[in-house]
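Keep in mind that what you see is a predicted model, and the values were worked out from it rather than measured.
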Amino acid sequence: MNGFIEFIKTIGAARLAAMGVVAAGLIGVFIFLSYRLSQPQMSVLFADLAFEDSTEIVSQLDSLNVPYNIRNNGGTILVPQDRALRLRMTLAQQGVPTSGVVGYEIFDKTNALGKTSFVQNLNQLRALEGELSRTISVIDRIKKARVHLVLPKKQLFSREKAEPSASIILKVRGTLDQAQIRAIQHLTASAVEGLNPGRVSIIDESGRLLANGSKGESGEAAISSIDERTTGIETRLKNRIGSLVGNIVGPRKIRVQVKAEVNYKRTTLTSKNFDPEGQVVRSTQTKEQTSVAQESANNDAVSVGNELPSTGQEAGNPNSPKNSENQNSTEEVVNYEISSTSKTEITEAGKIQRISVAVLIDGIYTKAADGTSQYAERPAQEIEKISALVRSIIGYNKARGDTVEVINLRFAPEPVAEELEAAPEGFLNLTKDDYFQIGELVTLFLISLLVLLFVVRPLIRRIVTPNEDQPLGIEGGGQSGDGASAQAGSAPQLTAPDGTPIPNQDGVPQLEAPPIPKTATAAAIEVAQIAGQAQENTVNRVGELVKHNPSEATAIIRQWLQEAA
């Protein structure tokens with residue numbers, strides 16, 4: 001203990017303070033490293049959250065005692081990676097997050113008693129808008145959606161009926177195609193009673209109009225719709241050809257282009273045909289007629305008896321006719337019905353009038369003995385089979401002018417793409433997050449090593465190394481004790497701290513005077529005089545040494561300048 005205490009005394013207060021600072025810094029660095037290394041790897045739980053959702057999620061995480069980090073002013077919440085998926089399921093079960101909108105759950109926490117019809121209708125409108133916003137946000141490329149509905153009230157004794165309308169603002173990633181925009185319109189219209197898809201207006205976050213909401217399509221909107229339908233037909237045929245033929249020649253060795261001419265005119269054709277060979281009897285009418293002509297003796301006499309039918313007394317009647325003549329006639333009328341066929345044909349818009357297909361395929365590559373790749377064209381028989389396959393896919397019709405061209409040409413090399421495909425998926429199956437964590441740990445290790453080498457190590461050397469600011473064995477602060485101790489003894493020789501005798505002005509070594517009783521002040525003055533004289537002599541000796549040895553003195557001064565402070 002005595003040695004340790006003496007060592008502490010020799011170090012001094014300044015060095016002790018420096019050692020304390022270094023020790024505290026080292027302890028702080030090691031605490032930070034241990035804390036950072038013990039922290040779990042964090043991953044995103046939810047991003048782009050509304051303030052209400054962030055508040056609800058944070059309260060739920062606090063109740064579950066789960067560590068978390070908040071970034072982007074509460075828009076992003078990070079949790080331990082191994083618990084992120086389970087936490088998402090747990091929060092989803094509780095209906096969190098709600099994306100800052102209110103859905104039909106608004107009716108779960110309110111009491112209907114005491115609510116006016118106006119409040120109930122307003123809550124229903126809010127719930128419908130919120131549910132539509134959530135549903136639209138599920139669509140790919142849509143980050144956030146906001147829906148406004150205008151539902152006119154039914155007016156009594158009114159012949160005119162106001163139609164409902166809707167306006168939607170979207171925050172998207174990238175751009176939306178027209179098919180997605182029309183899908184959003186129809187989705188909204190199907191969820192609202194009496195709403196027509198043409199009455200739905202859609203804009204994006206930059207204020208660009210995606211759907212104007214005018215009822216029906218006309219002008220540029222109709223032309224755009226026709227182009228989209230044609231593109232859809234061409235894309236569908238192109239994908240079918242590429243998928244099937246790509247399995248034969250390879251997915252990266254085929255290029256397909258399809259051009260479709262589509263008729264978007266709606267045609268209605270009505271025709272009526274009569275078949276003379278298909279006649280049938282519709283009705284038959286028969287008429288028979290019989291007439292009798294008589295000749296009498298008195299042909300000129302006209303009487304009633306001559307006009308009466310003959311009776312049994314006619315034989316004795318002198319006025320009866322001498323002879324009679326009977327006449328019979330038959331008339332038959334037959335009505336025939338001729339068969340007829342009436343046909344109405346309606347040709348809807350979208351009929352394909354003509355299809356042109358161009359297929360470009362690569363050749364066959366073989367590896368030569370020297371390791372180089374050799375190109376060879378595909379056989380004509382194989383090209384013909386591919387052409388027949390393409391014609392079957394598109395429903396080839398020569399009458400309408402369809403054309404199919406399959407050409408074999410060499411593709412330009414793609415060394416970059418091939419190298420990327422040949423690259424391994426990952427070393428030791430490490431993910432991107434694992435690489436980031438390893439990089440962070442390596443960075444912390446390098447920083448700690450640099451702190452130890454360039455900060456801690458020089459400080460420790462400065463502390464444990466003796467003070468060598470005054471070379472040649474000269475110490476300016478240790479003469480007080482020596483001078484005080486010189487009071488004892490009888491006429492000892494005065495010496496410097498390095499042991500050399502101190503001469504007087506004549507060059508003779510100076511001897512101490514015999515001790516005489518002095519006061520404390522006089523003794524202190526005497527000791528100071530002796531120390532001053534010793535320092536003066538030492539300085540003179542140093543000057544002589546520098547004068548006679550200039551090169552060594554210069555080297556010593558350079559060494560002092562190069563030493564760390």
Q: Give a yes or no on whether a salt bridge exists between E131 and R134, defined as a side-chain N under 4.0 angstrom from a carboxylate O.
A: yes
Q. Do I355 and I352 come within less than 4.5 Å of each other through their side chains, counting heavy atoms only?
A. yes
**Q.** Side-chain donor-acceptor pair present, S201, S167, cut-off under 3.5 Å
**A.** no
Q | Separation between CG of L78 and CZ of F46, rounded to the nearest 0.5 Å | A | 12.0 Å
Q: Inspect the surroundings of CG in D370 and state if more than 12 heavy atoms from other residues, nucleotides or ligands are less than 6.0 Å away.
A: yes
Q | Sidechain-backbone polar pair: S63 side chain, Q60 backbone, donor-acceptor under 3.5 Å | A | yes
Q.
Has R378 got a side-chain atom pairing as donor or acceptor with D362's backbone, closer than 3.5 angstrom?
A. yes
Q. Is a side-chain N or O of S59 found less than 3.5 angstrom from the main chain of E56, in a donor-acceptor match?
A. yes
Q: Would you confirm whether D402, through its side chain, and R354, through its main-chain N or O, come within 3.5 Å as a donor-acceptor pair?
A: no
Q. Does the D204 side chain pair with the main chain of R208, one donor and one acceptor, at a distance under 3.5 Å?
A. yes
Q: Calculate, to the nearest 0.5 Å, the distance between atoms OH and CZ belonging to Y365 and R410 respectively.
A: 4.5 Å
Q: With rounding to the nearest 0.5 Å, note down the distance linking OG in S387 to NZ in K385.
A: 12.5 Å
Q: Drop me the distance from T90's OG1 to L61's CG, to the nearest 0.5 angstrom.
A: 10.0 Å
**Q.** Over 12 non-hydrogen atoms of neighbours within 6.0 angstrom of CZ in R71
**A.** no
Q) Does L269 reach the side chain of I346, with side-chain heavy atoms less than 4.5 Å apart? A) no
Q. Does I184 reach the side chain of L170, with side-chain heavy atoms less than 4.5 Å apart?
A. yes
(Q) Regarding K259 and E405, does a basic nitrogen lie under 4.0 Å from an acidic carboxylate oxygen? (A) no
Q: Evaluate the side-chain proximity of Q353 to R400: yes if any heavy-atom separation is below 4.5 Å, no if none is.
A: no
Q: Kindly compute the distance separating CD (E384) from CD1 (I386), expressed to the nearest 0.5 Å.
A: 10.0 Å
**Q.** Working for side-chain contact (heavy atoms from CB on, under 4.5 Å), residues L45 and I57
**A.** CA-CA 10 Å; L45 179 63; I57 292 173; 4.2 Å; yes
Q.
Is it the case that the side chain of R141 and the backbone of T175 share a donor-acceptor pair, with hydrogens and angles ignored and the cut-off at 3.5 Å?
A. yes
Q: Could you check R173 against E205 for salt bridge (Lys or Arg N to Asp or Glu O under 4.0 Å), going step by step and ending with a plain yes or no?
A: CA-CA 10 Å; R173 292 184 292 266; E205 72 276 11; over 6 Å; no
Q) Would you say L149 and V147 make side-chain contact, with heavy atoms under 4.5 Å? A) yes
Q. Hey, does the side chain of T76 reach the backbone of N72 with a donor-acceptor pair shorter than 3.5 angstrom?
A. no
**Q.** Expected output: side-chain S243 to main-chain N239 donor-acceptor under 3.5 Å
**A.** no
Q) So do the side chains of L195 and L151 get within less than 4.5 Å of each other, counting heavy atoms only? A) no
**Q.** N/O donor-acceptor pair under 3.5 Å between E234 side chain and A260 backbone
**A.** yes
Q) Hey, is CD on Q257 packed in by over 12 heavy atoms from elsewhere, all under 6.0 Å? A) no
**Q.** Expected output: side-chain R146 to main-chain I168 donor-acceptor under 3.5 Å
**A.** no
Q) Heavy atoms, side chains only, cut-off 4.5 Å: are L237 and V357 in contact? A) no
Q) Taking everything shown except Y375 itself, do over 12 heavy atoms lie less than 6.0 Å from its OH? A) yes
Q: With the side chain counted from C-beta on, respond yes when F411 and R255 share a heavy-atom pair under 4.5 Å apart, and no when they do not.
A: yes
